[in-house]
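Chain A is the first sequence line, chain B the second, and so forth, proteins listed ahead of strands; every chain is numbered from 1.
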There are 2 protein chains.
Amino acid sequence: MASTPPPSHNASNPVAAGDALPASSGLGTPAFSPLYQQIKALLLQSLQSGEWKPSTAIPSEIELAGRYKVSQGTVRKAIDELAAENLLVRRQGKGTFVATHAEQHVRYRFLRLIANNGDTEGPAERRIVDCKRLRASTEIAKALAIKPSDSVLQIRRVLSFAGQPTILEDVWLPAAPFKGLTAERLTAYQGAMYELFEKEFGVHMVRAEEKIRAVLPDAEQEKLLHINSPTPLLSVERIAYTYNDAPMEFRRGLYLTDTHYYRNELS
Amino acid sequence: MASTPPPSHNASNPVAAGDALPASSGLGTPAFSPLYQQIKALLLQSLQSGEWKPSTAIPSEIELAGRYKVSQGTVRKAIDELAAENLLVRRQGKGTFVATHAEQHVRYRFLRLIANNGDTEGPAERRIVDCKRLRASTEIAKALAIKPSDSVLQIRRVLSFAGQPTILEDVWLPAAPFKGLTAERLTAYQGAMYELFEKEFGVHMVRAEEKIRAVLPDAEQEKLLHINSPTPLLSVERIAYTYNDAPMEFRRGLYLTDTHYYRNELS
DNA sequence: GAGTGGTCTAGACCACACT
DNA sequence: GTGTGGTCTAGACCACTCC
């Protein structure tokens with residue numbers, strides 16, 4: 001009994017690593033996938049499908065190990081990666097939780113604008129200027145990976161810090177997943193926009209890409225930001241993605257950078 | 001022999017986790033430190049001290065495990081973290097290597113400027129405008145964590161893409177570690193600046209922080225970038241850090257963002 | 001084939017949070 | 001105390017690289 005051979009584990013596993021090993025069906029790579037990656041994919045599926053909702057706990061490592069018929073260590077490694085990607089949050093002694101935008105310290109996770117004095121507060125005031133439904137331009141359609149004929153919501157808002165309008169933002173959303181979103185609901189909601197998306201539409205933004213440029217505002221933009229003299233602004237174009245790497249938001253922000261700056265860490 | 005008790009490992013270990021466990025010497029936190037963190041610190045020390053040089057292989061996991069009297073798994077976890085921080089690079093079948101700026105695909109690791117058409121090429125031309133030695137201003141001294149009376153090197157250069165001057169950069173370095181750096185050596189060197197720092201001065205930049213704003217250039221800056229009409233620029237202030245988290249460079253870049261953009265990923 | 005990192009397991013024990 | 005994640009170990013086997 002001391003020499004029980006460990007089960008040749010790739011035999012009866014949750015996901016077959018490959019149907020036939022040497023019979024590479026024309027592809028150059030056999031696409032070997034470690035067990036923990038397969039587990040990770042399964043966990044991801046449970047997140048995508050909404051089986052586990054933001055801020056709730058997922059099953060314990062031991063339970064998941066039993067469910068998937070693998071060791072706890074393998075589940076750990078899968079969860080480790082999801083935690084590193086900010087999809088899950090581990091809390092020792094309590095459990096592993098689905099990440100959310102609805103918590104104080106991560107509320108403005110994607111907002112990199114910091115006050116010169118180091119204050120890391122979110123905007124004090126959020127004013128919805130406009131919210132309307134229209135057809136996607138080719139640019140927007142491309143960013144959101146939808147057809148130009150599809151309809152989108154366009155939201156314009158101004159964020160202020162200490163009474164000073166600092167950010168002018170245009171946000172475009174595919175109309176279908178956000179059916180029922182109006183200027184009133186946006187104005188009424190206390191909290192970050194991504195928090196609203198999560199709670200009211202079940203859309204959780206996972207990651208985003210930004211393209212940053214320096215621009216000069218036009219007359220209308222100057223007016224909304226209370227700018228009198230010629231002032232360069234940061235143009236921040238963002239595409240935000242949800243679980244399955246599907247783009248779910250396109251956003252263009254104009255940032256005033258006299259009292260604030262955009263902070264980035266390189267490594 | 002099947003029940004050899006595993007050695008109560010915190011007894012004779014490389015670094016004592018704490019001299020006396022409950023005798024918290026006035027501090028609120030006992031500062032429990034896992035073994036792998038201690039190993040990580042030791043590895044970090046070998047990197048800092050220059051014992052292992054960039055692009056060379058460090059000892060194998062098995063050897064390190066023997067050296068530190070811990071299991072291979074513990075060494076693995078320490079290396080995993082250093083690899084995640086881009087200090088080490090793992091290569092299956094070959095070994096674990098000290099990260100370097102001197103490789104094609106990571107040469108411009110900290111340069112986030114991308115051509116609009118997606119080209120990810122580095123600058124085609126690098127022209128050194130000036131390189132002189134002077135006393136640190138209070139701003140520079142603060143950024144570099146040195147005394148205002150200390151001397152620093154100031155380098156000014158222009159980077160061009162496809163013949164078009166696109167980046168105007170001022171770089172400040174503490175004079176001491178970079179003794180002997182001249183405009184001639186900078187001009188002569190083929191490769192990225194951080195590659196030169198690494199090879200000729202043993203200074204390896206590990207991470208950096210950037211503050212980004214939109215600005216309007218003055219007359220001299222416009223001239224150096226061949227700008228005729230009023231054009232807003234991206235101002236990118238960077239502090240770069242070496243192993244021990246010591247600031248070793250302050251840099252201010254002015255980026256032309258008509259043909260390029262600054263790319264950032266959020267997660 | 002020998003050496004390296006990569007995966008997987010099983011089991012012990014520690015630190016932390018709730019109750 | 002019980003349950004959860006966190007650490008550590010020892011050993012087996014796999015995948016990749018080079019000789």
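Candidate nucleotides C/dT9, D/dG5, C/dG6 were compared by shortest atom distance to the side chain of B/E61, and C/dG6 ranks first. In the set D/dT7, D/dG5, D/dA15, D/dT7 carries the atom at the smallest distance from any side-chain atom of B/K77. Taking only side-chain atoms of A/P34, from C-beta outward, the nucleotide of C/dC8, C/dG5, D/dT7 with the closest atom is C/dC8. The A/K94 side chain lies nearest to C/dA17 when the options are C/dT7, C/dA17, C/dG6. Minimum atom distance to the side chain of B/V70 is reached by D/dT9, of the listed C/dT4, D/dT9, D/dT7.
In this structure, B/F110 has its ring center closer than 6.0 angstrom to the ring center of B/H101.
The residue among A/G93 and A/T74 whose nearest nucleotide of DNA chain C lies closer to the 5′ end is A/T74.
Between the side chains of A/D80 and A/Y36, no donor-acceptor pair of N or O atoms lies under 3.5 Å. Looking at A/E249 and A/Y194, their side chains do bring a donor and an acceptor atom within 3.5 Å of each other.
OP1 and OP2 of D/dC16 both lie 4.0 Å or more from every side-chain N or O belonging to B/R91. In this model, the phosphate group of D/dG5 is approached by a side-chain N or O of A/T96 to a distance below 4.0 Å at OP1 or OP2. Taking side-chain N and O atoms only, A/R90 has no distance below 4.0 Å to OP1 or OP2 of D/dT4.
Atom pair B/Q92:CD and C/dA2:P shows a separation of 19 Å (rounding to whole Å applied). Between the CD1 atom of A/I62 and the C1' atom of C/dT9 there is a distance of 15 Å, rounded to whole Å. One atom, CG of A/L35, and another, P of D/dC14, lie 13 Å apart when rounded to the nearest Å. Between the CG atom of A/D80 and the C1' atom of D/dT7 there is a distance of 12 Å, rounded to whole Å. Atom CZ in A/R76 sits roughly 17 Å away from atom P in C/dG11 (whole-Å rounding). At whole-Å resolution of the value, CG in A/L64 and P in C/dT9 are 14 Å apart. Per the geometry, CZ belonging to A/F97 stands 11 Å off P belonging to D/dT4, to the nearest Å. Going from atom CG of A/L88 over to atom P of D/dG6 covers 11 Å, rounded to whole Å.
By the 30° and 60° cut-offs, the orientation of the rings of B/F201 relative to B/F178 is tilted.
For the pair A/E61 and A/I79, the minimum side-chain heavy-atom distance is below 4.5 Å.
Using Watson-Crick or G-U wobble geometry with both donor-acceptor distances under 3.5 Å, C/dG6 finds its partner in D/dC13.
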